[in-house]
Student: 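First the structure, then my questions, so here it is.
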Amino acid sequence: MDKIQKNLLLVLPRIIELVKEDEDFALWFAETLELDLDEFASDDGFGTERQSDPRGDFREANWSLLGKVQK
């Protein structure tokens with residue numbers, strides 16, 4: 001595991017705690033992450049049909065952190 005991976009594993013739990021504690025931060029983070037995930041997906045980052053998108057299978061419906069995430 002490289003340094004970036006180790007740093008992410010330290011920072012992500014802290015972000016999760018902030019999301020739980022602060023609704024405004026959660027909204028800001030969701031909007032920011034949604035833009036980044038959309039950009040990554042448009043470059044086939046989650047497969048050509050977004051089949052590996054963590055928000056859900058986009059072949060079935062349009063999922064979003066700001067709306068509904070597929071279970």
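Predicted model only: the values in this text are computed from it and were never measured. Both backbone and side-chain heavy atoms feed into the values below; hydrogens, waters and symmetry mates do not.
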Student: Quick one: salt bridge (charged side-chain N to carboxylate O under 4.0 Å, His left out) pairs with a partner in residues 18-27, sequence neighbours left out?
Tutor: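 Only Glu17-Lys20 qualify under salt bridge (charged side-chain N to carboxylate O under 4.0 Å, His left out).
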
Student: Are the side chains of Asp44 and Arg50 in touch, meaning some heavy atoms are under 4.5 Å apart?
Tutor: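 When only atoms from C-beta onward are counted, Arg50 and Asp44 do not touch, as no gap falls below 4.5 Å.
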
Student: Is Gln51 reaching over with its side chain to a backbone N or O of Glu49, donor-acceptor style, under 3.5 angstrom?
Tutor: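 It does hold such a pair.
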
Student: Hey, any chance Phe40 and Leu65 share a hydrophobic cluster, counting ILVMFWY side chains that come within less than 4.5 Å of each other, even indirectly?
Tutor: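 Both belong to a single hydrophobic cluster.
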
Student: Just say parallel, tilted or perpendicular for the rings of Phe29 and Phe25, cut-offs at 30° and 60°.
Tutor: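 Judged by the thresholds at 30° and 60°, the geometry between Phe29 and Phe25 is parallel.
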
Student: Which heavy atom of Ala41 sits nearest to which heavy atom of Asp53, and what is that distance?
Tutor: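 Nearest heavy atoms, Ala41 then Asp53: CB-OD2, 4.1 Å.
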
Student: With the 4.5 Å side-chain cut-off for hydrophobic clustering, are Val11 and Val19 part of the same group?
Tutor: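 Val11 clusters together with Val19.
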
Student: Mind checking who shares a hydrophobic cluster with Leu66, ILVMFWY linked at side-chain heavy-atom distances under 4.5 Å?
Tutor: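 Its cluster partners, ordered by chain and number, are Leu27.
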
Student: Leu10 and Ile16: same hydrophobic cluster, using ILVMFWY side-chain contacts below 4.5 Å?
Tutor: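 Different hydrophobic clusters.
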
Student: Apply side chain to side chain contact (heavy atoms under 4.5 Å, CB included) to residues Asp38 and Arg55 and explain how you reach the verdict.
Tutor: CA-CA 10 Å; Asp38 283 344; Arg55 295 169 289 180; 2.8 Å; yes

Student: Just wondering, are more than 12 heavy atoms of other shown residues or ligands nearer than 6.0 Å to CD1 in Ile4?
Tutor: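 For Ile4, atom CD1 is not crowded (no more than 12 foreign heavy atoms under 6.0 Å).
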
Student: Could you grab the distance from atom CD of Glu31 to atom CG of Asp36, nearest 0.5 Å is fine?
Tutor: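 Interatomic distance, Glu31 CD to Asp36 CG, rounded to 0.5 Å: 12.5 Å.
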
Student: Output the distance between atom CG (Leu33) and atom CD1 (Ile15), rounded to the nearest 0.5 Å.
Tutor: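 Rounded to the nearest 0.5 Å, the CG-CD1 separation comes to 9.0 Å.
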
